[in-house]
Amino acid sequence: MKQTDEQFMRKAIEMAKQARAEGNEPFGAILVKDDEIAMIGENQINSLCDPTHHAEIGLIRKFCSEHNLFDLSEYTLYTSCEPCVMCSGGMVWANLGKVVYSVSHDQLAEIAGDNIMISCKEVFAKSPNQPEVVGNVLNEEGLNVFEGYSFS
C-alpha cells in the first residue's frame, strides 16, 4: 500500500513530540525513498549539547555517513517544521529531491520570536540544487506540538 504525505508527516510530528519529551526542541524528521522510511531523526541540541543538531541536519549527516553517499536526489525529507537556513543548506549540499513540512517558517517565528528570517524557498532559489517543496501538510497537528512550549 502506498503511503501518503500525511502518513509520513504524522511520523515526523511524532518524532517532534519525542524530542520535546526528551528535553530538546520539538522538531522531527523522516527520510523516505520509494515509499519506505530510510531513517528517522529528531532535534537533539540539548541532549548532545550541539546547537547544530537539528532534526533535519542530524538525520542527513547520519544517513549520508552511514551509507557513504552525498546524493539524496531520490529521497524526500518530511519535517515537522519548515527547515531553517542551516538545514536548508544541508539539503542543498546533499542534493535532496523533495522536502515536505508541516509548520511554516512564518508560523514558527510567531511562536518562537526572533529567528533568522529566511525561508527554505529563498535558500533553494539561490542554490544549485532546488528541492521540490510542499508545505503546510497536517499544519494543525504540527502546530499542536508547540502548545505550551517556550523557546529559551
Side-chain angles (χ1 to χ4, degrees), residues 2-16 19-20 24-45 48 50-146 149 151-152:
K2 184 161 176 58
Q3 300 241 27
T4 66
D5 283 350
E6 289 80 11
Q7 288 170 305
F8 288 122
M9 186 58 68
R10 277 194 183 88
K11 182 68 175 169
I13 290 169
E14 178 184 315
M15 296 309 300
R20 181 176 176 176
N24 293 294
E25 291 187 346
F27 302 99
I30 307 295
L31 188 64
V32 174
K33 181 181 180 190
D34 298 329
D35 210 34
E36 297 287 329
I37 294 175
M39 185 170 279
I40 58 175
E42 64 187 74
N43 181 289
Q44 294 183 311
I45 65 168
L48 296 179
D50 177 356
T52 69
H53 204 289
H54 293 191
E56 304 93 337
I57 203 79
L59 184 153
I60 290 170
R61 194 182 293 145
K62 183 176 180 185
F63 185 81
C64 288
S65 177
E66 287 181 2
H67 293 88
N68 197 33
L69 51 94
F70 291 90
D71 185 3
L72 299 181
S73 59
E74 297 179 13
Y75 292 80
T76 298
L77 187 72
Y78 292 84
T79 179
S80 61
C81 192
E82 182 176 355
C84 72
V85 173
M86 175 184 67
C87 292
S88 296
M91 291 172 192
V92 168
W93 298 128
N95 297 310
L96 183 70
K98 181 178 178 180
V99 62
V100 180
Y101 65 83
S102 177
V103 176
S104 75
H105 181 269
D106 290 340
Q107 289 173 310
L108 179 63
E110 287 180 27
I111 296 165
D114 291 338
N115 201 334
I116 299 173
M117 300 303 289
I118 301 172
S119 74
C120 71
K121 289 179 185 177
E122 290 177 81
V123 174
F124 298 154
K126 295 181 179 184
S127 300
N129 177 43
Q130 298 178 5
E132 179 183 347
V133 178
V134 176
N136 298 97
V137 174
L138 297 180
N139 189 247
E140 281 301 313
E141 289 181 41
L143 286 169
N144 288 340
V145 176
F146 295 102
Y149 185 80
F151 287 86
S152 14

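Computed from a prediction, not measured in an experiment: that's the story for all the values here. The analysis underlying the following values was restricted to heavy atoms, covering all of them including side chains, and did not include hydrogens, waters or symmetry mates.
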Can you see which heavy atom on Asn129 is nearest to which on Asn95, and at what distance? ND2-CA, 3.0 Å
Which atom pairs, one a donor and one an acceptor, fall under 3.5 Å between side chains of residues 62-70 and the rest of the protein, sequence neighbours left out?
unit_1, atom_1, unit_2, atom_2, d
His67, ND1, Phe63, O, 3.0

Tell me the closest heavy-atom pair linking His54 and Cys87, and the distance in Å. CB-SG, 3.5 Å
I'd like to know if the side chain of Asp34 reaches the main chain of Glu36, judged simply by a donor and an acceptor atom lying under 3.5 Å from each other, with no hydrogens or angles considered. no
Applying side-chain contact (heavy atoms from CB on, under 4.5 Å), can you list everything that pairs with Leu48, at least two apart in sequence or on another chain? Gln44, Asp50, His53
Looking only at heavy atoms, the pair that brings Ser80 and Pro26 closest together is OG-O, 4.1 Å
The single option from Arg10, Glu82, Met9 passing side chain to side chain contact (heavy atoms under 4.5 Å, CB included) against Ser102: Met9
Does a sphere of radius 6.0 Å around CD in Glu74 hold more than 12 heavy atoms from other residues, nucleotides or ligands, not counting ones at 6.0 Å or beyond? no
Measure the spacing between CG of Leu108 and CZ of Phe146 and express it to the nearest 0.5 Å. 5.0 Å
For Lys121, which residues count as a salt bridge (charged side-chain N to carboxylate O under 4.0 Å, His left out) partner, sequence neighbours excluded? none
Of all heavy-atom pairs linking Cys81 and Ser104, the shortest is SG-O, 4.4 Å
How long is the straight-line distance from CZ of Phe27 back to OG1 of Thr79, given to the nearest 0.5 Å? 8.5 Å
About how many Å separate OH of Tyr101 and CG of Leu138, when rounded to the nearest 0.5 Å? 13.5 Å
Mind listing the closest non-hydrogen atom pair of Val103 and Gly142 along with its distance? CG2-C, 3.4 Å
d(Met91 CE, Ser127 OG) to nearest 0.5 Å is 12.0 Å
Non-neighbouring partners of Glu110 that pass side-chain contact (heavy atoms from CB on, under 4.5 Å), sequence neighbours left out: none
To the nearest 0.5 Å, what is the distance between CD1 on Ile13 and CD1 on Ile30? 10.5 Å
Smallest separation among heavy atoms of Cys120 and Ser88, with atom names: CB-OG, 3.1 Å
Could you pull out all residues at least two apart from Arg20 that satisfy salt bridge (charged side-chain N to carboxylate O under 4.0 Å, His left out)? none
With sequence neighbours excluded, residues passing side-chain contact (heavy atoms from CB on, under 4.5 Å) with Thr76: Tyr78, Lys98, Val100
Gap between atom CG of Leu77 and atom CD1 of Ile60 - 0.5 Å precision: 5.5 Å
Is the shortest side-chain heavy-atom distance between Val99 and Glu56 below 4.5 Å? no
